[in-house]
Amino acid sequence: METAPQDTGLIERKPGQGRPRATTATEDRYLSIIARRSRGATASQLSRDLYAATGTRVSRVTVSKKLHKTGLFARRPAVCVPLTSTNRRVRLAW
């Protein structure tokens, strides 16, 4: 009776299968740190900063995806709720 390759241990997973990651965990951490330091920086600027610091070239989409994973989003907080004309009249009358 012939033994299956699984029994003899001839089958093993090859390392490095799949698409390689664009950035390392250290570069992801660096991105989130510089994004927190300069809150007004765009993803394109952060991409250029990463390239200048590490030599890794990534797109702005990749940068925004990495920042989303760390909880940073490109939302501008509203200063106040805009008043309707009725509310404005009532406030002025008060």
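These numbers were taken from a predicted model, which means no experiment stands behind them.
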S.K.: Can a salt bridge be assigned to the pair Asp49 and Arg37 using a cut-off of 4.0 Å between side-chain N and carboxylate O?
M.R.: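 Between Arg37 and Asp49 there is no salt bridge, as every charged N stays at least 4.0 Å from the carboxylate O atoms.
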S.K.: Answer yes or no: is there a side-chain heavy-atom contact under 4.5 Å between Leu50 and Thr23?
M.R.: yes
S.K.: Can you name the closest pair of heavy atoms from Leu31 and Val63 and give their distance?
M.R.: CD2-CG1, 4.1 Å
S.K.: With a 4.5 Å heavy-atom cut-off, do Leu46 and Lys66 have their side chains touching?
M.R.: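 No; the side chains remain at least 4.5 Å from each other.
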S.K.: Can you measure from CZ (Arg21) to OG1 (Thr62) and round to the nearest 0.5 angstrom?
M.R.: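 Separation between the atoms: 11.0 Å.
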S.K.: If I take atom CZ from residue Arg29 and atom CD from residue Glu27, how far apart are they, to the nearest 0.5 angstrom?
M.R.: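 Going from the CZ atom of Arg29 to the CD atom of Glu27 covers 10.5 Å.
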S.K.: Ignoring hydrogens, what is the shortest heavy-atom contact between Arg39 and Leu72? Give both atom names and the distance.
M.R.: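 So the two residues come closest at NH1-CD2, 3.5 Å.
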S.K.: How many angstroms lie between atom CH2 of Trp94 and atom CZ of Arg91, to the nearest 0.5 angstrom?
M.R.: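 The CZ atom of Arg91 is 8.5 Å from CH2 of Trp94, to the nearest 0.5 Å.
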S.K.: List the atom of Ala22, the atom of Thr56, and the distance in Å for their closest heavy-atom pair.
M.R.: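 Of all heavy-atom pairs spanning Ala22 and Thr56, the closest is O-CG2, 3.6 Å.
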S.K.: So which heavy atom on Leu67 is nearest to which on Ala35, and how close?
M.R.: CD2-CB, 3.8 Å
S.K.: Report the distance from atom CD of Gln45 to atom CD1 of Ile34, rounding to the nearest 0.5 Å.
M.R.: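 If we round to the nearest 0.5 Å, Gln45:CD and Ile34:CD1 are 10.0 Å apart.
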S.K.: Find the distance between CZ (Arg60) and OG (Ser44) and round it off to the nearest 0.5 Å.
M.R.: 6.0 Å
